[in-house]
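What follows is a single structure, written as structure tokens, with notes after it.
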Number of protein chains: 2
Amino acid sequence: MKTAKTVDELRNEIKVFGENKTIGFAPTMGYLHEGHLSLIKRAKTENDIVVVSIFVNPTQFGPGEDFESYPRDFEKDAGLAEAAGADILFLPDAKEIYPVGSATIVEVEGPITKKLCGSSRPTHFKGVTTVVNILLNIVSPDKAYFGQKDAQQVAVIKKMIRGLHMQVAIVTCPIIREADGLALSSRNVGLKTEEREQAPVLSRALNIAKDLWISGENDVATLKTVIANEINTMPLADIDYVDILDYETLAGIEKIDAPALAAVAVRFGNTRLIDNIILE
Amino acid sequence: MKTAKTVDELRNEIKVFGENKTIGFAPTMGYLHEGHLSLIKRAKTENDIVVVSIFVNPTQFGPGEDFESYPRDFEKDAGLAEAAGADILFLPDAKEIYPVGSATIVEVEGPITKKLCGSSRPTHFKGVTTVVNILLNIVSPDKAYFGQKDAQQVAVIKKMIRGLHMQVAIVTCPIIREADGLALSSRNVGLKTEEREQAPVLSRALNIAKDLWISGENDVATLKTVIANEINTMPLADIDYVDILDYETLAGIEKIDAPALAAVAVRFGNTRLIDNIILE
């Protein structure tokens, strides 16, 4: 595996592989876990070259959020990425990504970025779409791989790709979970013992709602109450949001008639966890 | 010359030329004049394939501006573009460019889009950067050609290209002028006889300032007054702005120590004209 710290180094490393090779790209913020590795492994099976980026993007963190404390372990990440099949690891610093400051922004407007995480993190998706746009321009991949855990992020990025006519296919990979159901996240490392014990309530609550929906309940308000009640059985859980939306547009719905996304965000102490399940 | 109305048609026409051909691209709003044709001719000398787009972009016009009345003559344009060397003419409609509405925007923030035309047209450059980003993604040119007449537009687009790490070279072509100095513009057709007679005052005023600067005057306030006074000798001229700024950043300056841009916008009746000169 090669490592590149600058855009020029990265493009040179890609050139070494020769012309007309397909490129698969997994953009990450590092502190890699099995979720990230599943993206890299999938990319490896579908492309000639696999590029993995690790960049903890400052512009997608709001004031008071966990940019400084976001976990980092670039050395361990390099070993994991290589073992999963990465050919090139791109490790830029902020000056490399934002050479003229963050003066040019890419923003998906409308409810899709205002709901769910967009409500409690109002500038988050502007930072995400801008950095993903930049990384896609730098790497020029044929396919880019994202995890379903960040379902809203995937929906927003797909809308950006379509809205700006970017020539890349977005591949969404399933959520990877611990044995007790907790969705893997780099932020899980911040959970204290008791918080970690209670955190599986997110997936448990979502699955209860899914079972109820399968058995015939399609009223969104009822299903949201069921989810919230289940989460609230855990004393350390502090709900940020519980919502069920149209899966494609993230528009609000009252009944589930088309594929829907049930999504939750819950704080445990200083750690904010998200999870989701598709009702389809 | 081939004509394409959709993105798919355009990409297919480009493919017909074979692999690894260089593409030169001149994006226009049509009603082509010698200024546009100079871009196409220059592109022809530097690339294997020349793509010209004609798209009167609604999102760069503000409320009450001249979107509806902007001059259009697609048939004549096709003949002119072909004669100048265009290989493919791209004539999309708004639904083709904005399939999901104008929900994703690209914006260069800061003074560069707030000064000059950005002051009287506050949403203009957001529309320009968004549509240029989209067109560049659709065409994937090696080089894109713009006219120096829209000097601020060129500065903003260059900043977007650099900020988003887009892989395209921007080529700026000189202003083409009538014999009496009036910069060519599709909007000149809207000038009434008397307005047309007075319109060369823009270039005359800019040249007077340049001569004064060459002879040693480098105080910006003095030079701006000279330009404004000259323009105001024409009774039908209504100044929108007269400014002299750092050429690269468009930051305000008091003395000219580095290349500077002297730029003016003047209304004659319903027609708003712009012109500029570089002091370097």
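To find a chain, count down the sequence lines: A is the first, B the second, and so on, and within it residues start at 1.
No more than 12 heavy atoms of other residues, nucleotides or ligands lie within 6.0 Å of NZ in B:K95, so this atom counts as exposed by the packing criterion. Heavy-atom contacts from other residues, nucleotides or ligands closer than 6.0 Å to NZ of B:K44 number more than 12. Atom NZ of A:K5 has 12 or fewer neighbouring heavy atoms from other residues, nucleotides or ligands inside a 6.0 Å radius.
Side-chain atoms of A:H165 come within 3.5 Å of backbone N or O of B:I97 as a donor-acceptor pair.
Looking only at heavy-atom pairs under 4.5 Å with chain A, the residue among B:G110, B:G163, B:G101, B:A103 that has the most is B:A103.
Heavy atoms closer than 4.5 Å to chain B are found in the backbone of A:S102, but not in its side chain. Of the atoms belonging to B:V7, it is side-chain heavy atoms, and not backbone ones, that fall under 4.5 Å from chain A.
In this structure, B:I105 and A:I105 have side chains that are in contact, with non-hydrogen atoms separated by less than 4.5 Å. The shortest side-chain heavy-atom distance between A:I138 and B:Q167 does not fall under the 4.5 Å cut-off.
With rounding to the nearest 0.5 angstrom, the CG atom of A:N133 is 7.5 Å from the CE atom of B:M166.
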Could you go through A:V106 and B:L164, starting from their C-alpha distance and side-chain angles, then the distance that decides it, and tell me whether this counts as side-chain contact (heavy atoms from CB on, under 4.5 Å)? CA-CA 9 Å; A:V106 178; B:L164 296 181; 3.9 Å; yes

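Looking at A:T104 and B:E109, their side chains never bring a donor and an acceptor atom within 3.5 Å of each other.
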